[in-house]
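Owing to the predicted nature of the structure, the values given are computational and were not obtained by experimental measurement. So that the names make sense, note that chain A is the first sequence line, chain B the second, and so on, each numbered from 1.
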Number of protein chains: 2
Amino acid sequence: MEQTRWLDDDEQRVWRSFITASGVLKEELDRQLQRDSGMPYGYYGILVALSEAPNRELRMSELACSSSASRSRLSHAVSRLEEAGWVNRRACPDDRRGTFAKLTDEGYRVLEQAAPGHVAAVREWLFDQLTPEQVRALGEISAAILEGFGASSENLPPMPPT
Amino acid sequence: MEQTRWLDDDEQRVWRSFITASGVLKEELDRQLQRDSGMPYGYYGILVALSEAPNRELRMSELACSSSASRSRLSHAVSRLEEAGWVNRRACPDDRRGTFAKLTDEGYRVLEQAAPGHVAAVREWLFDQLTPEQVRALGEISAAILEGFGASSENLPPMPPT
DNA sequence: CGACGTTTGTTGAATGTTCAACTTATCAGG
DNA sequence: CCTGATAAGTTGAACATTCAACAAACGTCG
């Protein structure tokens, strides 16, 4: 094995700032959504992905991809969303292994009601803190990180309806 | 109430890229640490914070701050770390409400063993994907986001020992 | 002093996530 | 057609995190 290339002080600072900032931001968004709309951030992403799909439904596997969730997480999450009446499951006719998840009308209404507060929070805590130049840079940086995981910057996930 | 200022297409792309990239990165680090060292990322941060403290111990409240954890989360986490024999609790003599958490020798050894793999992962998935200019920009962007939460860029959290 | 508000830390319940195992179905080759 | 490999989705157990409630100790100000 090779010997470790430790982070120098600058890298150290950047790394800690980044991981802390993204963590705090996500936690605050989670809290905001939970408080105002009774769902964690991840569930919001699932509803958004469904809301943008044709007929507001997707195969579980596609939904997992769109919302960056593991199959297992999605399965559990959809069960909860189904209990809440926001999503329905439907068997896939073509592939008998498959399942469709479909956003219900009520789910869509809940999403419409949740979106403004969520977007306001994203704006306040992210975009309002950055210059236009920084926003552009952040986009490129994020894309580069995703590239590193082999995730094409295509089929990116969640956000507001309309 | 005002009417919502939705994200335009560019903002949309930046936002989704950012939240996805930071999420995937954190998940991969979590998986790497769990697999190679049997602890989640948050626990690693706690051990690092302790390792950097004088005498390798801190008041629970300071530790919570240093590792960006809620009091409750920290309390549960330290209980687990204590069961693992990596951390000890000790009553604070000055303030009888207080508790010190102290990294054990074994805990330090575990941390030493975990750090190289973790740093290698951070380097591979973050720094290796970015130009030096992007790294610099990411540092400033992260600091700006933290500023927005009133968190001074001071007392930033976790990373490798030595 | 002494009452009230604050800080510190813990706890238990509810919830979310992960991992591994499993079932069922599709697909590709022989 | 049959077999083995792969893919889709679910499940349960173990674990982590959140929230609200709580207990105990400070601190302060009348």
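Rounded to a whole Å, the CG atom of D94(B) is 16 Å from the C1' atom of dG27(D). Atom C1' of nucleotide dT17(D) and atom CG of D30(B) are separated by 12 Å, given to the nearest angstrom. Taking atom CZ of residue R73(A) and atom P of nucleotide dA16(D), one finds them 16 Å apart after rounding to whole Å. Between R31(B) atom CZ and dT17(C) atom P there is a gap of 13 Å when expressed in whole angstrom units. Atom P of nucleotide dT18(D) and atom CG of L29(A) are separated by 14 Å, given to the nearest angstrom. Rounded to a whole Å, the CD atom of E83(A) is 13 Å from the P atom of dT10(D). Residue L63(B) contributes atom CG, which lies 20 Å from atom P of dT7(C) at whole-angstrom precision. Look at CZ on R90(A): it is 17 Å from P on dA8(D), rounded to the nearest Å.
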Under the side-chain hydrogen bond (donor to acceptor under 3.5 Å, both in side chains) rule, what do Q32(B) and D36(B) come out as? Steps first, then yes or no, please. CA-CA 6 Å; Q32(B) 183 272 324; D36(B) 296 346; 3.0 Å; yes

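Nearer to the 5' terminus of DNA chain D, by closest-nucleotide assignment, is the contact made by G38(B) (compared with the other of Q34(A) and G38(B)).
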Atom pairs under 3.5 Å, N or O on each side, protein against nucleotides 8-11 of chain C: can you list them with distances?
from: dT8(C); atom 1: OP2; to: R71(B); atom 2: NH2; distance (Å): 2.8
from: dT8(C); atom 1: O3'; to: R59(B); atom 2: NH2; distance (Å): 3.2
from: dG9(C); atom 1: OP1; to: R59(B); atom 2: NE; distance (Å): 2.8
from: dG9(C); atom 1: OP1; to: R59(B); atom 2: NH2; distance (Å): 3.4
from: dG9(C); atom 1: OP1; to: T99(B); atom 2: N; distance (Å): 3.1
from: dG9(C); atom 1: OP1; to: T99(B); atom 2: O; distance (Å): 3.4
from: dG9(C); atom 1: OP2; to: S61(B); atom 2: N; distance (Å): 2.7
from: dG9(C); atom 1: OP2; to: S61(B); atom 2: OG; distance (Å): 3.0
from: dG9(C); atom 1: O3'; to: T99(B); atom 2: OG1; distance (Å): 3.4
from: dT10(C); atom 1: OP1; to: R89(B); atom 2: NH1; distance (Å): 2.7
from: dT10(C); atom 1: OP2; to: S75(B); atom 2: OG; distance (Å): 2.9
from: dT10(C); atom 1: OP2; to: R89(B); atom 2: NH1; distance (Å): 3.2
from: dT10(C); atom 1: O5'; to: S75(B); atom 2: OG; distance (Å): 3.3
from: dT11(C); atom 1: O4; to: S72(B); atom 2: OG; distance (Å): 3.1

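The two residues I46(A) and S67(A) come nearest to each other via the heavy atoms CG1-OG, 3.9 Å.
A sub-4.0 Å separation between OP1 or OP2 of dA24(D) and a side-chain N or O of R96(B) is absent. The phosphate of dG16(C) has neither OP1 nor OP2 within less than 4.0 Å of any side-chain N or O from Y41(A).
The cationic group of R56(A) lies under 6.0 Å from the six-membered ring centre of Y108(A) and within 45° of the ring axis, placing it in a cation-pi geometry.
Residues V122(A) and L25(A) share a single hydrophobic cluster, defined by chaining ILVMFWY side chains whose heavy atoms lie under 4.5 Å apart.
Looking at heavy atoms from C-beta onward, S75(B) lies in side-chain contact with R89(B) at the 4.5 angstrom threshold. L63(B) places none of its side-chain heavy atoms less than 4.5 Å from the side chain of R59(B).
To the nearest 0.5 angstrom, L111(A) atom CG is 9.5 Å from H118(A) atom NE2.
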